[in-house]
**Q** 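Here it is, the structure in full.
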Amino acid sequence: MRAKASFKNVVASTILNVVTILAGLVAQAIFVSHLGVTYLGVNSLFTNLISVLGVVEVGLGSAIIFSLYKPLAERDVERIKSLMAFYKSGYRIIAFIVLVLGLIMMPFLKSIVGDASIDVSLQLIFGLFLADVIVSYLFSYKRSILIADQKQYIFSGIHVGYTILLNTLQVLILILTGNYILYLVIKVIMRFIENVAINIIIDRRYPLVVQNKVVPLEKSIKQDILRKVKGLFFHKIGAFVVNGTDNIVISVFFGIKVVGLYSNYFLIINAVNVLITQAFSAITANVGNLLVLKNEKQTFAAYKKVRFANFWLSSLVSIGVLVCLESFISLWVGSEYLLPFGVLLALVANLYLTLMRASVQSFKDAAGIFHEDRYIPIVESLVNVLASLALLHFFGLAGVFMGTICSSLVIHLFSYPHFVYMKLFGENRRSYYMEFFKHLIVVSFAGALTLGITRMFYIDNVWMRLIIDILATLIVPNTLLYVMYRRTGELKYFMKLAVKIIHKVKHRA
């Protein structure tokens with residue numbers, strides 16, 4: 001049953017991500033054509049600022065979900081009611097704090113945004129963003145029981161409908177009125193409707209959630225939840241600083257229009273990142289079962305296979321973005337929205353390092369390694385901010401993302417080899433470094449070769465250019481990687497697995 005539920009969750013999440021990506025591409029193209037790059041920059045920056053306020057959540061949701069696993073398995077109704085009541089109170093407090101901090105932030109919006117030639121009040125725009133997130137905090141606490149009970153596919157199904165309907169309505173508003181405020185208002189209204197619909201379904205499936213006479217949560221359980229929250233707090237802060245400050249830095253140093261240009265790149269790169277990360281996060285539960293056996297050799301053998309798949313996929317995707325993204329953006333919104341190639345190069349390097357976290361992170365999460373490396377995200381954050389501020393003076397916009405690359409190296413070159421490679425697998429760090437730099441050299445060479453081949457001749461037609469870029473991405477890196485790794489046990493394993501799958505498909509047909 002759990003395997004079936006996990007499969008449903010993965011499929012539903014994948015469908016949701018694909019729908020979100022496709023809807024986002026269409027909506028953003030129409031947004032740019034009707035409102036322009038300045039409004040796009042404001043929209044992206046305020047989304048980023050709202051994520052700043054999201055740090056207030058400090059991992060409460062993750063801690064509560066973890067605490068719900070046992071009472072759900074034991075059908076301990078009273079404990080579930082107590083936890084949900086505690087969660088509800090916690091999120092009401094968080095919503096209030098977010099509201100207060102948002103109101104405090106409003107007088108400083110002009111300084112952050114800079115010279116933005118728009119006709120609408122920045123405070124009104126930010127107020128609607130704030131309303132959207134507060135609606136989520138006030139209503140979304142019940143979703144935790146779906147996630148803990150492995151029924152997240154229910155939420156994913158509703159959210160697919162929400163995403164399609166929201167983007168359709170927003171596109172119609174832009175085409176018919178070109179009114180940015182209506183564009184935001186409909187988002188708040190749809191968010192409210194989505195949350196009400198989800199809550200109605202949860203109330204019917206789990207009537208215990210809406211029962212009265214809730215017994216207060218025991219002090220020991222509250223303390224355990226707060227301890228988990230403290231452990232997650234550093235990771236939450238680190239993730240925000242590394243991933244959530246780029247738009248703010250870009251707006252302050254380069255202007256709101258550059259934020260708009262970057263948002264097109266971010267939309268594509270983030271979509272790729274979400275899809276790949278989703279694929280590898282699905283194996284975390286299986287890794288957890290493997291770790292129970294406490295067999296380091298067996299665990300390390302599994303890790304090597306997963307790591308190899310992660311490398312191949314990350315290489316192919318990163319090279320694809322490097323070679324194809326400029327052609328795609330030219331076709332999607334226009335060549336006038338392109339950034340300098342050096343910026344793209346920095347973004348692709350950062351994407352590769354981010355994607356290569358997926359396999360190690362799955363083993364790290366499954367092993368519950370959170371407390372041991374709790375200070376690493378703080379170091380990563382400091383490196384990110386200081387390096388970005390220093391490098392942007394020498395390399396311009398590319399320097400902002402080079403700072404993020406420097407912070408990623410803290411994880412790849414210290415945290416993973418020390419806390420995972422040595423402590424979990426009992427392996428020598430030297431072999432980790434050799435593998436890391438070998439992979440880096442191979443992907444760099446494959447990327448340079450693919451890009452060089454596609455740029456050998458000039459093609460004026462954007463469609464033809466994109467087709468050639470895609471074909472080159474599929475052929476050149478895959479051929480090179482096969483030639484270099486054809487004798488490794490990992491590639492032989494996946495080749496055999498592919499043959500088995502093909503035989504099964506033929507047999508069923």
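The figures here come from the full heavy-atom set of this structure, side chains too, leaving out hydrogens, waters and symmetry mates. Note that the structure is predicted; figures quoted are calculated from it, not measured. Counting from 1, the numbers follow the sequence of the chain as shown.
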**Q** Say you draw a straight line from NZ of Lys88 to CG of Leu138; how long is it, rounded to the nearest 0.5 Å?
**A**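 It is 10.0 Å, given to the nearest 0.5 Å.
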**Q** Identify whether the distance between the nearest side-chain nitrogen and carboxylate oxygen of Glu435 and Arg307 falls below 4.0 Å.
**A**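 The answer is yes: the pair qualifies as a salt bridge.
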**Q** Do Tyr352 and His439 come close enough that some side-chain heavy atom pair is under 4.5 Å?
**A**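 Yes; the side chains approach each other to less than 4.5 Å.
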**Q** Check whether Ser89 reaches the backbone of Ala85 with its side chain - one donor and one acceptor, N or O, closer than 3.5 Å.
**A**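 It does hold such a pair.
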**Q** Tell me, do Tyr183 and Phe31 make a side-chain contact under 4.5 Å, heavy atoms counted?
**A**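 When only atoms from C-beta onward are counted, Phe31 and Tyr183 do touch, with a gap below 4.5 Å.
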**Q** So Leu344 and Leu325, do their side chains get closer than 4.5 Å, heavy atoms only?
**A**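 Yes, side chains in contact.
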**Q** If you round to the nearest 0.5 Å, how far is NZ of Lys187 from CE of Met190?
**A**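 Separation between the atoms: 12.0 Å.
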**Q** Which heavy atom of Glu336 sits nearest to which heavy atom of Leu261, and what is that distance?
**A**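 Closest approach of Glu336 to Leu261, heavy atoms only: O-CD2, 4.3 Å.
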**Q** Short question: side chain of His412, backbone of Leu353 - any donor-acceptor pair under 3.5 Å?
**A**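 The answer is yes, because a donor-acceptor pair under 3.5 Å joins these two groups.
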**Q** Would you mind writing out the side-chain donor-acceptor pairs for residues 400-410 within the sub-3.5 Å range, not counting sequence neighbours?
**A**
residue : atom : partner : partner atom : Å
Thr404  : OG1  : Asn384  : OD1          : 3.1
Ser407  : OG   : Thr404  : O            : 2.7
Ser408  : OG   : Thr404  : O            : 3.3

**Q** I need the minimum non-hydrogen distance between Leu355 and Asn310, along with the two atoms involved.
**A**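 Heavy atoms only, the tightest pair is O-ND2, 3.0 Å.
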**Q** Classify the side-chain pair Asn43/Tyr180 by whether it contains a donor and acceptor separated by less than 3.5 Å.
**A**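 Yes, Tyr180 and Asn43 have a side-chain donor paired with an acceptor closer than 3.5 Å.
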**Q** Within the distance-only criterion (no hydrogens, no angle test), does the side chain of Ser388 pair as donor or acceptor with the backbone N or O of Val385 below 3.5 angstrom?
**A**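 Not a single qualifying donor-acceptor pair exists.
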**Q** Show the numbers, then the answer: is there a ring pair (Phe, Tyr, Trp, His ring centres under 6.0 Å) between Tyr421 and Tyr433?
**A** CA-CA 10 Å; Tyr421 217 74; Tyr433 291 129; 8.7 Å; no
**Q** Could you give the distance from OG1 (Thr450) to CG (Leu480), rounded to the nearest 0.5 Å?
**A**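 It is 7.5 Å, given to the nearest 0.5 Å.
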**Q** Can you give me every donor-acceptor pair (side chain of residues 249-258, partner residue at least two apart or in another chain, under 3.5 Å) with its distance?
**A**
residue : atom : partner : partner atom : Å
Ser251  : OG   : Ile112  : O            : 2.7

**Q** Under the criterion side-chain contact (heavy atoms from CB on, under 4.5 Å), I'd like the reasoning laid out for Val26 against Asn167: C-alpha separation, chi angles, the key distance, then a yes or no.
**A** CA-CA 8 Å; Val26 174; Asn167 280 275; over 6 Å; no
**Q** Between Tyr432 and Phe436, how do the two ring planes meet: parallel, tilted or perpendicular, split at 30° and 60°?
**A**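 Because their plane-to-plane angle is under 30°, the rings of Tyr432 and Phe436 count as parallel.
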**Q** Side-chain contact test, heavy atoms from C-beta onward, threshold under 4.5 Å: evaluate it for Leu101 versus Ile97 and give yes or no.
**A**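 Contact flag for Leu101/Ile97 side chains = yes.
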**Q** Counting C-beta onward and ignoring hydrogens, is there a side-chain heavy-atom pair between Arg92 and Tyr137 closer than 4.5 Å?
**A**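 Of all side-chain heavy-atom pairs linking Tyr137 with Arg92, none is under 4.5 Å.
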**Q** When rounded to the nearest 0.5 angstrom, what distance separates CG in Leu313 from CD1 in Ile276?
**A**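 If I round to the nearest 0.5 Å, the distance is 4.0 Å.
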**Q** Would you indicate whether Phe341, at its atom CZ, is surrounded by more than 12 heavy atoms from other residues, nucleotides or ligands within a distance under 6.0 Å?
**A**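 Check passes, neighbour count above 12.
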**Q** Closer than 3.5 angstrom, by distance alone: can the side chain of Gln123 be matched with the main-chain N or O of Met106 as a donor-acceptor pair?
**A**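 Yes, the answer is positive, given that a donor and an acceptor are paired below the 3.5 Å cut-off.
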**Q** For Phe425 together with Tyr303, are the ring centres under 6.0 Å from each other?
**A**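 Centroid distance Tyr303-Phe425: below 6.0 Å, so yes.
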**Q** With distance as the sole test, does Asn48 use its side chain to make a donor-acceptor pair with the main-chain N or O of Ser44 at under 3.5 Å?
**A**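 Absent.
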**Q** Mind checking whether Ile376 and Phe419 have side chains closer than 4.5 Å, heavy atoms only?
**A**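 The answer is yes, as the side chains (C-beta and beyond) meet within the 4.5 Å cut-off.
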**Q** Just verifying a value: how many Å separate Cys324 SG and Ile329 CD1, rounded to the nearest 0.5 Å?
**A**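 The SG atom of Cys324 sits 11.5 Å away from the CD1 atom of Ile329.
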**Q** Is Ser314 reaching over with its side chain to a backbone N or O of Phe311, donor-acceptor style, under 3.5 angstrom?
**A**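 Not at all, since once roles are kept as given, no pair shorter than 3.5 Å links the two residues.
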**Q** Determine whether the side chains of Asn264 and Trp332 contain a donor N or O and an acceptor N or O closer than 3.5 Å.
**A**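 Trp332 and Asn264 do not have a side-chain donor-acceptor pair below 3.5 Å.
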**Q** So does Ser136 get a backbone contact from the side chain of Tyr91, meaning a donor-acceptor N/O pair under 3.5 Å?
**A**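 No; judged by distance alone, with no hydrogens or angles, the pair does not exist.
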**Q** Looking only at the side chains, is there a donor atom on one of Asp469 and Ser327 sitting less than 3.5 Å from an acceptor on the other?
**A**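 Asp469 vs Ser327: donor-acceptor pair found between side chains.
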**Q** Side chains of Ile125 and Ile118: does their closest heavy-atom pair fall under 4.5 Å?
**A**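 Contact flag for Ile125/Ile118 side chains = yes.
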**Q** What verdict does the side-chain contact (heavy atoms from CB on, under 4.5 Å) test give for Leu25 and Ile268, after you've listed the backbone C-alpha separation in whole Å, the side-chain angles of each residue and the deciding distance to 0.1 Å?
**A** CA-CA 8 Å; Leu25 289 173; Ile268 306 300; 3.2 Å; yes
**Q** Let me confirm one number: the CG-CG distance from Leu130 to Leu99, rounded to the nearest 0.5 Å.
**A**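 With rounding to 0.5 Å, CG (Leu130) is 5.5 Å from CG (Leu99).
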**Q** Do Tyr87 and Leu83 touch side chain to side chain, with heavy atoms closer than 4.5 Å?
**A**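 They are not in side-chain contact.
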